[in-house]
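Below: one structure, written as structure tokens.
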Amino acid sequence: MEIPHLLDSLNKQQRQAVTAPLEHILVLAGAGSGKTKCLTHRIAWLLQTGQAYPHNILAVTFTNKAANEMRSRIDALLNQPTRGLWVGTFHGIAHRLLRIYWREANLPQLFQILDSDDQLRTLKRVIKALGLDEKTWSPKQAQHFINAHKDDGLRPKDIIADEQDVKLTQLLSIYRAYEETCQRTGIVDFAELLLRCYELLRDNPQLLEHYQQRFQHLHVDEFQDTNTIQYQWLRLLVGNEGKLFIVFDDDQSIFGWRGAKIENIQQLEKDCSDTHLIRLEQNYRSTGTILAAANALIANNQGRLGKKLWTQDKAGKPVFQFIAEKIQDWQGKRQDFAILYRTTAQSRQFEEALLQKNISYRIYGGLRFYERLEIKDMLAYLRLLLHRDDDGAFERVVNRPKRNIGDRTVAVLRGIARQQGLSLWQAARTAINSKQFKARASNSLAAFLQLIERLTEQVKDLPLHEQVEQVKIASGLVPHYQKESKEEAQRRTENLEELTNAARQFFPHPLDGEGRGEAKPGWEDLSEFLDHAALEAGERQGGRFDDCVQLMTLHSAKGLEFQVVFLAGLEEGLFPHQNSLEESKLQEERRLCYVGITRARQLLYLCHSESRYHYGKRDRCTPSRFLSEIPAGLIQEIRMRHPVSQFKKPVTPHDFQIGQRVKHRQL
DNA sequence: GTGGCGTGGCTTTTT
DNA sequence: GCCACGCCAC
């Protein structure tokens, strides 16, 4: 594409951003203002004007989806795949660097990635091994404690614990023990990828300098979602010479609760002198009315950088405040609809209502492919082939399918492992050799060890997908699942079949080179496949239907758009949520509502119930304060024909009672 | 080793 | 009200 053409499709502000001089460019990009376009065109612009070579460019996103989208849009703009240009998630890029520089990062070459579920299981074992009570010291809490500190760049030694503070002291000791376990067994959790990579660059000046010189242009998507360690990592990498090009929207910062620091934007302006702010305020998505509602709502927040979205489109229909059944009347497609809610628990009622009306739907959320039980079981076998000392994998499958290796036997192994500082695998060896078990337990255990050894030998020269297939057969998992209900068994078997397919289609990604490499036998492909499974857990559970209404939480709707949006449950205590009524949290709730509103292109329905069940009790609901923050003139009120009126006192305005009275049924 | 029962918790989620 | 998980009894 010629350079002028590259700019043709851009508006004035977008063009200004894309062609901005080489300073730190901060693009404040409102909802639907074309931020990905801006980012991808900037990269194409730098390349086509000869201001940068591909290998000078790094683009970072939060999700794999965003990274893939960006990569393919850049390729499309340039009419070819671009080599040397790095596009990836923060975690993906950190992982890539750690795989190359594992020595410098003080990791074993074959370090493994732990997903959150594995991390939790590991913590459970650590807490047990410390002799602590799981009830007082919940693994969940410890997990949060550890991840939050890693996200802030803090190791146990960086945390000052007052000895009087029993709780903090104890959590710290768990953190320490967990770190020790991870280091000893070569496992790395998600937060560790970032922190370890930050430390790698910080502590290796030559390496840092190399990458500072290489990546002169750093592009960051959704910058308002960066946490402390991500920010520090970026700062390190950008150095004194590099230039940042960041795209963000402070009004769409909704992940503060998981460590995102919206202040990083101000911090960046403080840390880098030559920053230049550009606003993208023209919206290409929604009607004027929807935008007016969104603008009015968000104006109630303090400390905004400030922007007002506008559109050339007509005003559009008023925002309805209302009740459903509209879906059946709609002329367009089912997938034009989205029902958005604050909490996952709300989805069930909609499911039931839609089921009853025979409207196909798709729920986002739930388990993803690589998170499913049967898949994780298979992955555990595969992990054991590579790493005998993977205690998590060992515990998971040692008795799955049943091999007469019960809890008691495993408990003994745990004891030996703890005492002698061994892995469970080594402990099993030791126990068998020193005849610590009765014949039955000893034989069963020996048979399991042999199975893994034999299997390793058997598949080591096969291509990846055959390795997976052989392990599936030898593990005995399939007959194991067959014992479950028929549908369940079939689903699990299908998923395992799909895993083999995934392995067949999997092409490894050489670390230093670019693009896709050749599949080859040995353990490298398997190792990469396992990384892939952890880092890209796959799409959220999808529908079997093509044409369906989309159901999801507001958080997962970010970045998407729909013709018609129903925002459900606009009630005090639910949205804004009970636990978020304090001012700073309330502002995040309001931004969440803003995100919800700006997902709609044509029609927006704001819904609230008069009453709903809350922990078993039926409660009256007060309409959300967010409703009253939208000018009444933009809203057309609709009242349902048959409101559930268990309360004498009439309530206004109205109600979304879809499915609330339907008897619950297991789906 | 499994099933039945009691208890607690209950916002949002990516990697 | 509902689910997930842990514990105990067979």
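Here is how names work: the chains are called A, B, and so on, in the same order as the sequence lines, proteins then strands, and each is numbered from 1. All heavy atoms count here, side chains included; hydrogens, waters and symmetry mates do not.
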Distance in angstrom units between [X] [atom1] and [N] [atom2], rounded:
X: R591(A); N: dT11(B); atom1: CZ; atom2: C1'; value: 16 Å
X: Y364(A); N: dT13(B); atom1: OH; atom2: C1'; value: 16 Å
X: Y341(A); N: dC10(B); atom1: OH; atom2: P; value: 20 Å
X: R342(A); N: dC10(B); atom1: CZ; atom2: P; value: 14 Å
X: D118(A); N: dT15(B); atom1: CG; atom2: P; value: 16 Å
X: H91(A); N: dT13(B); atom1: NE2; atom2: P; value: 17 Å
X: N227(A); N: dT15(B); atom1: CG; atom2: C1'; value: 11 Å
X: K140(A); N: dT11(B); atom1: NZ; atom2: P; value: 11 Å

Return the 5'-most residue of the pair F62(A), T343(A) with respect to DNA chain B, ranking by each residue's nearest nucleotide.
->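 Nearest-nucleotide comparison on DNA chain B picks T343(A).
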
Relative to the 5' end of DNA chain B, which residue comes earlier, E589(A) or I405(A), by the nucleotide with the nearest heavy atom?
->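 In this pair, the answer is I405(A).
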
So, do H555(A) and W257(A) have ring centers that fall under 6.0 Å from each other?
->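 Yes; W257(A) has its ring centre under 6.0 Å from that of H555(A).
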
Would you please indicate yes or no on a ring centroid separation below 6.0 angstrom for F562(A) and F337(A)?
->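 No, the ring centres sit 6.0 Å or more apart.
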
Tell me, please, whether [Y] has [X] positioned over its six-membered ring: NZ or CZ under 6.0 Å from the ring centre and within 45 degrees of its axis?
X: R362(A); Y: Y364(A); value: yes
X: R591(A); Y: Y594(A); value: no
X: R125(A); Y: Y178(A); value: no

Out of [options], whichever nucleotide has its closest atom nearest the side chain of [X]:
X: T89(A); options: dT12(B), dT13(B), dT15(B); answer: dT15(B)
X: K402(A); options: dT14(B), dT2(B), dT11(B); answer: dT2(B)
X: S116(A); options: dT11(B), dT13(B), dT15(B); answer: dT15(B)
X: R348(A); options: dT11(B), dT15(B), dC2(C); answer: dC2(C)
X: T63(A); options: dT15(B), dT11(B), dT2(B); answer: dT15(B)
X: N579(A); options: dT12(B), dT15(B), dT11(B); answer: dT11(B)
X: H577(A); options: dT11(B), dT15(B), dT12(B); answer: dT11(B)

Under 4.0 Å between any heavy atoms, over every strand shown, what does N64(A) touch: base, sugar-phosphate, or nothing? Just pick one.
->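 Touches sugar-phosphate only.
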
Looking for any heavy atom pair under 4.0 Å, which part of the strands does K124(A) touch: base, sugar-phosphate only, or nothing?
->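 Sugar-phosphate, backbone atoms only, no base.
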
Spell out yes or no: do the side chain of T344(A) and the base of dT12(B) have one donor N/O and one acceptor N/O closer than 3.5 Å?
->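 Looking at the base of dT12(B), it does not pair with any donor or acceptor on the side chain of T344(A) (distance under 3.5 Å).
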
N or O in side chain of R368(A) less than 4.0 angstrom from dT15(B) OP1/OP2 =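 The answer is yes; a side-chain N or O of R368(A) sits under 4.0 Å from OP1 or OP2.
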
Quick one: is dT11(B) close enough that its OP1 or OP2 comes under 4.0 Å of any side-chain N or O from T553(A)?
->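 Checking T553(A) against dT11(B): no side-chain N or O falls below 4.0 Å of OP1 or OP2.
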
Are W257(A) and dT12(B) stacked, counting the six-membered base ring, centres under 5.5 Å, planes under 30°?
->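 According to the criterion (under 5.5 Å, under 30°), yes, W257(A) stacks.
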
Take atom P in dC3(C) and the same atom in dT14(B), then report the distance between them in whole Å.
->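 Between the two P atoms, the distance is 22 Å.
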
What orientation do F529(A) and H532(A) show, parallel under 30°, tilted 30 to 60°, or perpendicular over 60°?
->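 If you compare the ring of F529(A) with that of H532(A), the planes turn out parallel.
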
